[in-house]
A.B. asks: 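Let me give you the structure first, and then I'll get to my questions.
Lettering follows sequence order; numbering is per chain, from 1.
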Amino acid sequence: MVLAVLLLLVPVLAAGGVWWWQHHEAADAEAERAEDRAVLNAATLETTAWATVDYRTVDDYVAKVSAGATGAFLSQFQQNEKSLRNLLRVNKSVQVPTIPNGGVGLLERKGDAARVLIAMDAAVTNKATKKPQPRHYRLQVTLQKEGGRWLTSGLEFIDAQQ
Amino acid sequence: MPNSELPHESESGADTKVCPYCAETIKAAAIRCRFCQSDLSDAPVVAATPLSPLPPPSIEPVEPGVDLSEPGDIGESERKGRSGADPAPTSARTMSRGVLVGLLVLSLIGTLAFLVLAFRDYRHAKELRDAQEAGRTAQAAVVDEVKTLLSYDFTKFDDNLTEAKKVMTERFAKEYEPTAQEIRSRAIAQRRSQTADVRAASVVSQTTDKVQTLVFVDVASTKAGSNKQQLMQNRIDVTLVRADGRWLIDDVTVPTS
């Protein structure tokens with residue numbers, strides 16, 4: 001009787017093992033997808049923070065951008081902070097960005113490093129303009145995962161090559 | 001067979017016998033049955049009978065003082081005795097069989113349930129991995145296909161258009177035809193040629209058979225006999241679908257706010 005019970009348990013345990021293995025595979029695949037989404041979200045947020053400029057709220061601007069930055073991008077931003085504050089104040093610059101649908105794409109992600117392309121439009125006003133001037137940017141954002149967060153370590157314009 | 005010719009000993013053992021009234025196994029030396037309280041001093045000896053397939057009838061205790069001395073003179077209630085064989089093994093065996101069948105059913109259900117769940121998870125994981133792979137291959141394919149789509153020489157426009165249609169789906173080629181004819185007229189009239197250079201391509205969304213890409217493409221346009229070059233920095237969304245193992249352009253749009 002005991003032997004029969006044990007024998008009847010074997011297929012259940014085996015099937016359970018197969019399910020556990022496949023469940024793990026599915027969880028891994030979901031985790032990869034979630035990581036891709038996290039990269040795209042982080043790049044979108046940081047780029048939007050960086051492009052949202054208002055000479056009246058420079059402190060907030062600096063804090064927001066710094067919070068999502070790391071590496072060369074952060075140190076460059078911190079180095080230029082003083083001159084940037086001055087420029088914004090003097091020109092009374094205001095930039096309002098938008099990222100259109102289909103304007104964010106994953107270039108690649110390998111381990112804790114990733115690159116994203118962003119197409120951004122913006123309306124810029126300053127003391128020299130009467131009405132907002134349109135801008136169209138092509139940006140490549142480099143990100144690094146640190147402490148469980150994706151932070152921007154590089155941001156560059158993809159300008160046309162002459 | 002008359003009762004008196006029957007053996008005194010029951011099949012239960014040398015020192016036991018079967019009560020003729022209730023058929024229980026009792027000590028051979030007993031003069032009163034401990035089950036039905038019958039007086040056995042003059043009672044006929046009843047041999048044990050084989051196990052009956054029917055469930056044992058209920059045993060009714062005999063009234064004290066009832067005369068049971070005459071052989072054969074046994075009342076209905078006394079006849080309702082157990083057959084004499086021990087029913088415990090029968091019911092125990094039936095119960096074991098029932099438990100085993102129940103366990104077998106549970107085992108089958110459990111195994112099937114796990115296998116169904118495993119198959120569902122396998123399909124989900126495969127779908128996600130296939131979509132990722134689709135994104136990678138489409139991202140690689142779109143570079144050359146956009147170059148082919150957007151590059152032309154006004155002296156060979158029709159040939160260029162034929163090549164461009166090879167990287168389009170039939171649906172998109174039909175949709176693109178009016179635009180292509182406009183570009184053709186302008187290109188030939190202005191003697192203009194155009195070269196597309198893809199600077200970067202990325203994946204916006206992906207499924208196994210359809211990928212949307214964001215492409216940064218520089219388009220350099222020149223007129224025949226002129227060194228002046230018109231440069232346009234374009235950002236386009238190119239949707240590709242899988243057909244016959246290849247990625248074909250199914251739509252081109254400009255991302256606008």
Side-chain angles (χ1 to χ4, degrees), chain A residues 1 4-34 36 40 96-109 115-123 134 136-141 157-162, chain B residues 96 99-100 102-132 135-136 139 197 199-206 212-220 229 231-239 253-257:
Chain A
M1 176 73 170
V5 170
L6 286 173
L7 282 174
L8 287 173
L9 270 177
V10 165
V12 180
L13 290 173
V18 169
W19 171 70
W20 183 85
W21 166 46
Q22 288 304 318
H23 190 66
H24 238 48
E25 294 287 302
D28 283 349
E30 273 291 352
E32 291 286 304
R33 183 164 76 163
D36 286 348
L40 294 174
V96 179
T98 50
I99 295 177
N101 280 336
V104 182
L106 182 66
L107 192 55
E108 67 171 355
R109 182 175 64 81
R115 288 188 297 152
V116 171
L117 294 187
I118 293 185
M120 178 181 272
D121 300 324
H136 305 289
Y137 301 130
R138 303 189 310 184
L139 303 167
Q140 179 176 292
V141 185
F157 293 93
I158 305 294
D159 288 328
Q161 285 174 336
Q162 300 291 336
Chain B
S96 297
V99 166
L100 269 177
L103 283 174
L104 178 65
V105 168
L106 279 173
S107 170
L108 275 171
I109 291 172
T111 305
L112 267 170
F114 274 133
L115 288 177
V116 164
L117 287 172
F119 183 66
R120 192 196 65 178
D121 282 339
Y122 162 77
R123 280 227 330 235
H124 184 54
K126 188 173 187 313
E127 198 182 308
L128 289 176
R129 297 237 147 91
D130 285 351
Q132 258 196 336
R136 272 193 287 270
Q139 187 184 7
D197 176 28
R199 300 294 306 284
S202 60
V203 174
V204 176
S205 66
Q206 63 204 8
Q212 185 186 359
T213 59
L214 171 64
V215 181
F216 291 169
V217 55
D218 294 342
V219 176
Q229 194 183 62
L231 200 55
M232 289 174 287
Q233 299 179 50
N234 290 330
R235 323 161 315 178
I236 52 175
D237 276 335
V238 182
T239 302
T253 54
V254 175
T256 43
S257 303

A.B. asks: Considering only heavy atoms, which portion of A:Leu7 lies under 4.5 Å from any heavy atom of chain B: side chain, backbone, both, or neither?
C.D. replies: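 No part of it gets close to chain B.
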
A.B. asks: Compare every heavy atom of B:Ser202 with every heavy atom of A:Gly105, then report the nearest pair and how far apart it is.
C.D. replies: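 Shortest heavy-atom contact: CA-OG, 3.3 Å.
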
A.B. asks: Within a 6.0 Å radius of atom CZ on B:Arg123, are there more than 12 heavy atoms belonging to other residues, nucleotides or ligands?
C.D. replies: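 Incorrect, the count does not exceed 12.
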
A.B. asks: Against chain A, work out which of B:Ala201, B:Gly135, B:Ala131 has the most heavy-atom pairs shorter than 4.5 Å and name it.
C.D. replies: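 Top option by heavy-atom pairs under 4.5 Å: B:Ala201.
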
A.B. asks: Can we say A:Glu25 and B:Arg129 salt-bridge, meaning some charged N sits less than 4.0 Å from an Asp/Glu carboxylate O?
C.D. replies: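 The answer is yes: the pair qualifies as a salt bridge.
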
A.B. asks: Measure distances from A:His24 to the heavy atoms of chain B and classify the residue's part below 4.5 Å as side chain, backbone, both or neither.
C.D. replies: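 For A:His24, no heavy atom lies under 4.5 Å from chain B.
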
A.B. asks: Please look at B:Ala220 and chain A and tell me whether the side chain, the backbone, both or neither of the residue comes under 4.5 angstrom of a heavy atom of that chain.
C.D. replies: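 Interface part for B:Ala220: neither.
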
A.B. asks: Has the side chain of B:Arg235 got a donor or acceptor atom that lies under 3.5 Å from a matching backbone atom of A:Met120?
C.D. replies: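 At least one qualifying donor-acceptor pair exists.
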
A.B. asks: If you tally heavy-atom pairs under 4.5 Å against chain A, which of B:Asn234, B:Leu112, B:Leu106, B:Ile109 wins?
C.D. replies: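 The answer is B:Asn234.
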
A.B. asks: Once rounded to the nearest 0.5 Å, what's the spacing between atom CD of A:Glu30 and atom CG of B:Asp121?
C.D. replies: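 Taking CD in A:Glu30 and CG in B:Asp121, the distance rounds to 10.0 Å.
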
A.B. asks: Under a 4.5 Å heavy-atom cut-off, does chain B meet the side chain of A:Asp28, its backbone, both or neither?
C.D. replies: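 Both backbone and side chain of A:Asp28 come within 4.5 Å of chain B.
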
A.B. asks: Select one option (side chain, backbone, both, neither) describing which atoms of B:Gln139 are under 4.5 Å from chain A's heavy atoms.
C.D. replies: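 The side chain, not the backbone.
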
A.B. asks: Please classify the contact between B:Leu128 and chain A as side chain, backbone, both or neither, with a heavy-atom cut-off of under 4.5 Å.
C.D. replies: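 Looking at B:Leu128, just its side chain touches chain A.
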
A.B. asks: Given that the side chain runs from C-beta out, which part of B:Val217 has a heavy atom under 4.5 Å from chain A: side chain, backbone, both or neither?
C.D. replies: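 Only the backbone of B:Val217 comes within 4.5 Å of chain A.
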
A.B. asks: Where on B:Gln132 is there a heavy atom nearer than 4.5 Å to chain A: the side chain, the backbone, both, or neither?
C.D. replies: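 Looking at B:Gln132, just its side chain touches chain A.
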
A.B. asks: Is it the backbone or the side chain of A:Val104 that comes under 4.5 Å from a heavy atom of chain B, or both, or neither?
C.D. replies: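 It is the backbone, since no side chain atom gets that close.
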
